[in-house]
There are 2 protein chains.
Amino acid sequence: MRISKKELFEISLKVLTKHSVPEDQARIIADTVVYAHASGKGTHGATRLGVYVSKIKSGFMRPDTILSKISEKGAIGVYDAGHGFGQVAAFRAVEKAIEKSIVHGVGISSVRHSNNFGTASYFAKQATEQNKIALIFSNAAPAIAPWGGSRPLFGTNPVAFGFPTPTDTSPIILDMAVSNAARGKIRLAEKNGEKIPFGWALDPDGNPTDDPTLAILGSMLPIGEHKGAGLAIVVDLLAGLLTGSGFAGRVKPLNTLNDYSDNGHLFLVLDATFFMDIESYYERMNFLRVTVKENNLKNEILLPGERSYSNERRYTETVEISDNIYQEIKYLL
Amino acid sequence: MRISKKELFEISLKVLTKHSVPEDQARIIADTVVYAHASGKGTHGATRLGVYVSKIKSGFMRPDTILSKISEKGAIGVYDAGHGFGQVAAFRAVEKAIEKSIVHGVGISSVRHSNNFGTASYFAKQATEQNKIALIFSNAAPAIAPWGGSRPLFGTNPVAFGFPTPTDTSPIILDMAVSNAARGKIRLAEKNGEKIPFGWALDPDGNPTDDPTLAILGSMLPIGEHKGAGLAIVVDLLAGLLTGSGFAGRVKPLNTLNDYSDNGHLFLVLDATFFMDIESYYERMNFLRVTVKENNLKNEILLPGERSYSNERRYTETVEISDNIYQEIKYLL
């Protein structure tokens, strides 16, 4: 079904404030929920509101996110999210990194003791809207085994890269997990009694499987085999080890109700004007876009982030949401 | 065959200085050649000496690499390698990024008008030896088509990440191309009249192929399908577009003798002490290493870069080199 963006925003806002999230923070989170649906990433949207509520009630997630400063020196800010909302921590951390990038050409915000922040692309877009380039790394609960191992130790660990483009073209935003498939797809196959393709996951003994139940008990396969497994470690080092957050298997899923999640995030923001004048940058960006589009005139080639951008623009007032989720969030009111 | 590191260094040095490379620069390049063989990446080593010589003779590569400063502001240095050696440009650019990271917590060197720099891990190691973290991006000649396209536009674009570790353990260094296979493996299959696995490459019409000849005429497949294709663009944006170098299909292979190669590189160096005290960082690194090793006690699990590190340490005095390449480089003397 489709509902208005305004309705989804208002429901999200009410659910959150009802559970002690301060209104200004609830507005940030509600906006990320609407964005998730508007950009075609509904799996990171309203469906999580119930999980946030449960986690707040459990005492292992703070409704009020105070991003405390551990240190600020040079271009580096180190912050503690105090086990609050990842979205609020990320939004404020990106603001701070943008400020620093204007001074130093690059600004970095390190965030510890956070939670899942929803879609990484939201925060890449926050930077591109200020004409900044963003590199975003977050770790997540164990899903991928080290290469040669069998038990999950690293998350599917989202990375996002955002590049501003000339007005009226989609910013280039690559937002991806380092696994071949999303865990959600495997859960869906299990629910529907379907097999999954080999190449998505390993069973608990470390063997390839097409059985979604064994896959969930086992581990997810990273992109490019040992390469993606290496990337999963790199993201854990940047977002978990270096930030002072959970790492090496210590991050817990959002739906864990007897412990903090302890995700970490690292945000790098670059100011392109320290590299060249902005006109040259945009001219080069246009050249890239045209060259990519002309590469194959039979198929439309999409740049990273272009599908989300088109989704957002096709429906300016409404978003897609499943009937179930809609009932679920209304029930939370 | 195995030859002494000293001999390989001396041959490389002589070949390079004979062709007008200044001795201090030739020493840097010779060291990267020895490192490539010592760390098990001989494909990036001595075999390229002949190509450098040809390219210098063609007039499209400068033997003397002057890394000119375009601008230095805040944490960002923008440099021009003047179509000299990628290795010399990279080495000096990393030195400058390290210096800046000590002041700002992060230092970035942007390099335009360069050439292939050999193994990215050499420069990651240069940073880890100074207790710094490195993120390295370089673009390369077209080999990968945009996702949905058929003609190569982006390189296999190496990325490297380096993290210092406590003394007497291997630094964590992930050095990877964003393609499933190296082009060299496809050339080897062609030479040997063998098929290649599906999944490595597409033919010139954009269809999967197991024929190495069609693969070379076609394009390489990126890791994780659209994800790796997206990463190839991101690296081109960071290392080519943003640096002011060739990008969007304009970088030429090293063996092109009628044009400059025009590779670009971007080096980001982080100082971990801006995030936490170095003892905590190393303690956490030890915890990660132990946790990874204990993940599977039946297989030895290697961390990224550990195999190269072991290769280097197993033979402290000698390196592996093929008979052919040995004859080839002696002939260049």
Side-chain angles (χ1 to χ4, degrees), chain A residues 71 73-76 78 103-106 108 110 133 145-151 153 161 163 172 174 176 178 180 206 223-225 227-228 230-231 233-234 236-238 241-244 247-249 268 270 272 274-276 280-281 284-285 287-288 291-292 295-296 299-304, chain B residues 71 73-76 78 103-106 108 110 133 145-151 153 161 163 172 174 176 178 180 206 223-225 227-228 230-231 233-234 236-238 241-244 247-249 268 270 272 274-276 280-281 284-285 287-288 291-292 295-296 299-304:
Chain A
S71 66
K73 202 179 145 196
I76 316 289
V78 179
V103 180
H104 303 279
V106 51
I108 297 182
S110 157
I133 296 167
W147 201 244
S150 51
R151 280 174 295 132
L153 192 56
F161 302 90
F163 296 86
I172 296 186
L174 179 69
M176 55 174 260
V178 299
N180 278 332
I223 58 170
E225 305 188 331
K227 294 185 179 185
L231 287 174
I233 296 182
V234 164
D236 198 47
L237 292 173
L238 290 172
L241 186 148
L242 188 63
T243 61
F247 71 106
L268 281 90
L270 305 181
F274 279 65
F275 293 82
M276 60 181 62
S280 306
Y281 171 86
R284 291 163 75 81
M285 199 50 103
F287 176 78
L288 178 110
T291 308
V292 167
N295 186 264
N296 187 336
N299 302 335
E300 196 199 349
I301 300 179
L302 296 177
L303 283 160
Chain B
S71 66
K73 202 179 143 195
I76 316 290
V78 179
V103 179
H104 303 278
V106 52
I108 297 182
S110 158
I133 295 167
W147 200 244
S150 51
R151 278 175 296 132
L153 193 57
F161 302 91
F163 296 86
I172 296 186
L174 179 69
M176 55 174 262
V178 299
N180 278 333
I223 57 169
E225 304 187 334
K227 294 185 179 186
L231 287 175
I233 296 182
V234 163
D236 198 46
L237 293 172
L238 290 172
L241 186 148
L242 188 63
T243 60
F247 71 107
L268 282 90
L270 306 180
F274 280 65
F275 294 81
M276 61 181 62
S280 306
Y281 171 86
R284 290 162 75 81
M285 199 48 102
F287 176 78
L288 178 111
T291 308
V292 167
N295 185 263
N296 187 336
N299 303 335
E300 195 199 348
I301 300 178
L302 295 178
L303 283 159

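Residue numbering restarts at 1 for every chain, and letters A, B, ... go by the order of the sequence lines. Note that the structure is predicted; figures quoted are calculated from it, not measured.
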Heavy-atom pairs under 4.5 Å with chain A: which of [options] has the most?
options	value
B:G230, B:G206, B:G228	B:G230
B:L270, B:V178, B:I133, B:L242	B:L242
B:N299, B:L237, B:I223	B:L237
B:G149, B:G74, B:A145, B:G105	B:G149
B:P304, B:A248, B:G224	B:A248

Item to check | Smallest separation among heavy atoms of B:G148 and A:N296, with atom names | outcome: O-ND2, 3.1 Å
If I measure from the heavy atoms of chain A, does [X] come under 4.5 Å with its side chain, its backbone, both, or neither?
X	answer
B:F275	both
B:L241	both
B:V292	both
B:T291	both
B:L268	side chain
B:N295	both
B:I233	side chain

Checklist entry - By side chain to side chain donor-acceptor pair (under 3.5 Å), which residues pair with B:S280, not counting sequence neighbours? => result B:D277
Checklist outcome for this item: Okay, A:V78 and chain B: the region with an atom under 4.5 Å from a heavy atom over there is side chain
Checklist entry - Do the side chains of B:F161 and A:L231 get nearer than 4.5 Å, heavy atoms only? => result yes
Next on the checklist: Could you tell me if the side chain of A:L288 sits less than 4.5 Å from the side chain of B:D236, heavy atoms only?
Outcome noted: yes
Item to check | Test side-chain contact (heavy atoms from CB on, under 4.5 Å) applied to A:I301 and B:W147, step by step | outcome: CA-CA 7 Å; A:I301 300 179; B:W147 200 244; over 6 Å; no
Checklist entry - CG of B:L174 to NZ of A:K227: how many Å apart, nearest 0.5 Å? => result 9.5 Å
Checklist entry - Picking from A:A272, A:S71, A:G249, A:G244, which has the most non-hydrogen pairs under 4.5 angstrom with chain B? => result A:G244
Checklist entry - Can you name the residues that form a side chain to side chain contact (heavy atoms under 4.5 Å, CB included) with B:F274, not counting sequence neighbours? => result A:K73, A:I76, B:D271
